Amino acid sequence: MFGVCYYPEHWPQSQWEQDAQMMSELGLTYVRIGEFAWSKLEPNPGELDFEWLDQAVLTLNNAGLKVVMCIPTATPPKWLIDQHPDILPVDPNTGATRGFGSRRHYDFSSEIYLQESLRITKVLAMRYGGHEGIVGWQTDNELCCHDTALSGSKNARSAFQTWCRDQYPSIRKLNSEWGNVFWSMEYRDFTEIELPILAVTETSPAHRMAFRRFSSDQVVNYHNRMIEVIRQHAPNQFITHNFIPMNETGVDNVALAAPLDFTSYDNYPLGRTDLLLTGAPTEQLRRYMRTGHPDFATYYHDQTRGLLNRGFWVMEQQPGPVNWANNNPRPAPGMIRFWTIEAFAHGADCVCYFRWRQAPFAQEQMHAGLLRPDNSKTEAWPEAEQAMADVAQLDITSQPSQPASVAIITGVEGLWVSDIEKQGQAYDFNDVQFSYYSALRELGVNIDFISVDADFSPYTLIIAPSLPIIDSAFVSKCKASSAQFIFGPRSGAKTTEFGYPTNLPPGLLQTLIPIRVLSVETLREDCAEALNWNGKHYESCRWREQLDAGNTEVIAKYHNDEPAIVRNERFIYLGTLTNRDFLLDFLQQQCHHNNINTYRFDKDIRVSQRGKLIFAFNYSDQQHLLPLDSDTTLLLGNRIIQPHGITVWQASDKAPLLKK
């Protein structure tokens with residue numbers, strides 16, 4: 001299934017019919033509309049104008065297209081801001097009000113804005129909830145984008161005080177849990193509690209953790225209330241939301257996704273690569289400048305799929321240069337097709353291109369579309385056509401996305417701990433998690449992202465790269481599971497209230513791995529030392545723990561012969577961060593021990609499986625010979641995979657699927 005993001009309010013009504021006809025001829029099924037159209041829908045308070053939107057929906061439906069309607073709450077109109085200026089959020093880093101003139105200019109703690117959001121949601125849902133030509137809804141747009149989960153407003157402070165009162169039985173208990181005796185930070189009453197921002201130096205980590213949890217709850221509550229209204233008036237239409245990268249929302253994405261029918265993701269491989277490789281060596285960026293890094297897009301595809309453990313949509317797929325990264329190159333020829341098929345290989349059910357036509361005005365006028373402003377077709381058009389033909393030929397969407405053998409446990413509290421207590425400039429939650437994911441993907445291993453509350457039974461190998469806060473229920477689940485577990489450094493290193501375990505880290509994990517972390521050192525990224533494992537020398541870097549290994553088996557050592565990695569039965573603990581070479585060798589060994597096939601080809605070849613289809617994606621500008629068995633049934637491409645090419649073959653009932 002394929003779709004496009006369209007803005008009828010940007011174009012003369014006389015152009016809509018031609019647009020709709022061209023969409024239909026291209027082979028599109030879905031059209032998303034309306035996510036930024038509040039001022040067109042309600043130009044003045046209470047003055048609703050649906051004539052243009054009704055006509056847009058009718059025009060699209062008449063061309064055989066199905067509409068995904070959006071709730072336009074990402075852009076409150078000027079008249080609403082003027083009526084209620086305290087809707088605007090306050091930047092927690094500067095204390096300045098974030099003003100009108102762009103998007104996402106609202107505070108999740110504004111009760112007035114919540115009520116206004118529910119009002120416009122109800123108006124739309126009542127009008128279109130039974131419309132046969134509208135198949136579903138998108139809530140808001142890219143929640144928390146532009147660092148908007150946190151606000152330093154008076155509304156946020158008041159709501160935070162109420163949240164704290166609900167969380168703690170007394171102010172004495174709060175003072176105790178937060179360690180407020182330190183630096184004379186004790187409160188006498190909940191009404192005295194400030195937001196942990198704009199202080200002389202660092203504020204209490206427990207206070208900041210509570211503020212993160214509160215802010216996440218505010219976002220989730222706002223979203224849930226909106227969904228309740230849509231469900232009431234549109235019970236037979238799906239509801240989704242277009243997520244940004246999970247680490248950028250700053251909230252509990254699992255909770256945010258819970259009431260949705262399926263999740264969606266906005267996929268911009270080149271923009272993301274440029275931002276994430278800021279400061280990287282020139283040759284590293286140049287290698288992926290026009291393709292995107294081999295693992296950035298799928299890293300977020302797999303996380304998006306994992307939020308509800310089911311198929312997802314790409315609601316916005318980059319079709320050409322974007323306008324918002326530091327640098328915005330054109331994709332290499334063939335990459336629109338490539339990214340499209342890659343998304344389906346990782347469990348997507350639909351890909352929608354952003355946008356239909358490049359806008360000749362406003363903030364995104366340099367953002368490419370399928371059409372240029374003069375209505376000529378961009379290079380993305382024939383590539384989208386080819387992708388649709390390939391997907392139809394392979395019948396990809398009929399292939400199930402079965403559970404992988406390997407899972408990565410993720411959770412927002414690891415991100416919060418990393419943000420709140422850096423300890424070392426080179427430690428970053430997302431970088432740590434991505435390093436494990438990227439190594440596994442280079443080995444051709446399918447991966448599921450799961451939460452601590454997920455069912456562990458489908459998995460043979462479970463990896464927790466950064467899980468600093470755990471509880472006894474999680475430990476019990478690990479004991480009951482038959483899987484092998486690998487825990488990264490910092491696991492179990494904090495109590496629920498961001499304290500240091502008095503029995504020393506890894507805290508509650510000591511019942512699985514009876515060790516103690518005696519001390520932690522953090523090093524500059526370019527000051528790595530030796531890590532000795534399996535007769536080879538690798539890097540121990542950035543975060544290094546001094547371990548009392550107890551009676552566990554020491555399987556790797558530091559340069560000074562102290563234990564670095566230990567094993568106790570099915571449980572392995574890494575006391576250090578390390579490099580790509582080690583993760584590749586180590587994880588390949590662990591996969592083999594657990595009878596999980598790995599396929600280690602060129603560093604720019606990625607192998608994925610969906611149902612009975614095996615996909616190979618070549619991110620390099622060189623062709624490569626895939627060592628396929630002689631009786632392999634090729635479905636797309638050839639054994640010699642072309643630069644930026646794709647090869648697909650039928651999975652065999654026997655293993656291995658490839659020659660190793």
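Start at 1 with the first residue, then count along the sequence. Model, not experiment: these values are computed from the prediction.
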Check whether [X] reaches the backbone of [Y] with its side chain - one donor and one acceptor, N or O, closer than 3.5 Å.
X    : Y    : value
Q609 : G611 : yes
Q237 : I134 : yes
R606 : A616 : no
N638 : I641 : no
T291 : H644 : no
T578 : E539 : yes
N618 : Q642 : yes
S418 : G414 : no
Q318 : G320 : yes
D455 : S457 : yes

Centroid separation under 6.0 Å, is that true for the rings of [Y] and [X]?
X    : Y    : answer
W324 : Y268 : yes
Y573 : F487 : no
F238 : W137 : no
Y619 : F338 : yes
F354 : H367 : yes
F429 : W416 : no

*asked:* Assess the residue pair L628 and L634 against the criterion (side chain to side chain contact (heavy atoms under 4.5 Å, CB included)); give the C-alpha distance rounded to whole Å, side-chain angles, the decisive distance to 0.1 Å, and a yes or no.
replied: CA-CA 10 Å; L628 301 175; L634 288 172; 3.6 Å; yes

Please report the closest heavy-atom contact between [X] and [Y], naming both atoms and the distance.
X    : Y    : result
I396 : R610 : O-NE, 3.6 Å
L461 : C591 : CD2-SG, 4.2 Å
W543 : P489 : CD1-CB, 3.6 Å
C144 : T249 : CB-O, 3.3 Å
D604 : P294 : OD1-CG, 3.9 Å
S491 : A464 : OG-O, 3.9 Å

Under 3.5 Å, is there a donor on one side chain and an acceptor on the other for [X] and [Y]?
X    : Y    : value
D448 : Y459 : yes
D252 : S216 : no
T598 : H592 : yes
R103 : H146 : yes
D629 : T632 : no
D302 : T298 : no
N267 : Q317 : yes
Q590 : Q484 : yes
Y299 : Q433 : yes
T139 : H241 : yes

Do the side chains of [Y] and [X] get nearer than 4.5 Å, heavy atoms only?
X    : Y    : value
L370 : K377 : no
L443 : L587 : yes
I336 : P331 : yes
Y288 : D274 : no
L625 : R639 : yes
R310 : R305 : no
V322 : L270 : no
Q588 : H593 : no

*Test log, rule salt bridge (charged side-chain N to carboxylate O under 4.0 Å, His left out), inputs E342 and R337*: CA-CA 8 Å; E342 181 182 61; R337 168 183 178 261; over 6 Å; no

*I would like to know whether Y30 and W313 meet ring-ring contact (aromatic ring centres under 6.0 Å, His included); could you show each step before the answer?*
CA-CA 11 Å; Y30 298 99; W313 282 26; 4.8 Å; yes

*asked:* Assess the residue pair S608 and R441 against the criterion (side chain to side chain donor-acceptor pair (under 3.5 Å)); give the C-alpha distance rounded to whole Å, side-chain angles, the decisive distance to 0.1 Å, and a yes or no.
replied: CA-CA 8 Å; S608 302; R441 290 298 304 126; 2.8 Å; yes

*asked:* Go through it in stages, so that I can follow the logic: the residues are L256 and V251, the test is side chain to side chain contact (heavy atoms under 4.5 Å, CB included), and I'd like the CA-CA distance, side-chain angles, deciding distance and then a yes or no.
replied: CA-CA 8 Å; L256 196 61; V251 302; 4.2 Å; yes

[X]/[Y] ion pair, N-O < 4.0 Å:
X    : Y    : answer
D19  : R357 : yes
E316 : R355 : no
R104 : D140 : yes
R372 : E379 : yes
R600 : D585 : yes
E413 : R212 : no

*L574 and I486: side chain to side chain contact (heavy atoms under 4.5 Å, CB included), yes or no, with the steps?*
CA-CA 8 Å; L574 281 71; I486 298 174; 3.6 Å; yes

*Evaluation steps, ring-ring contact (aromatic ring centres under 6.0 Å, His included), between F571 and F485*: CA-CA 5 Å; F571 305 101; F485 288 80; 5.6 Å; yes

_Heavy-atom count check: over 12 atoms from other residues, nucleotides or ligands less than 6.0 Å from K477 NZ?_
yes

*Intermediate values then yes/no, side chain to side chain contact (heavy atoms under 4.5 Å, CB included), C350 and F2*: CA-CA 5 Å; C350 181; F2 293 86; 5.5 Å; no

*Using the six-membered ring wherever Trp is involved, compare the ring planes of F456 and F474 and label them parallel, tilted or perpendicular (cut-offs 30° and 60°).*
perpendicular

*Out of Y437, F434, Y300, which one pairs with H293 under the ring pair (Phe, Tyr, Trp, His ring centres under 6.0 Å) rule?*
F434

*Of V4, N242, T240, V67, the residue whose pairing with R32 passes side chain to side chain contact (heavy atoms under 4.5 Å, CB included)*: N242

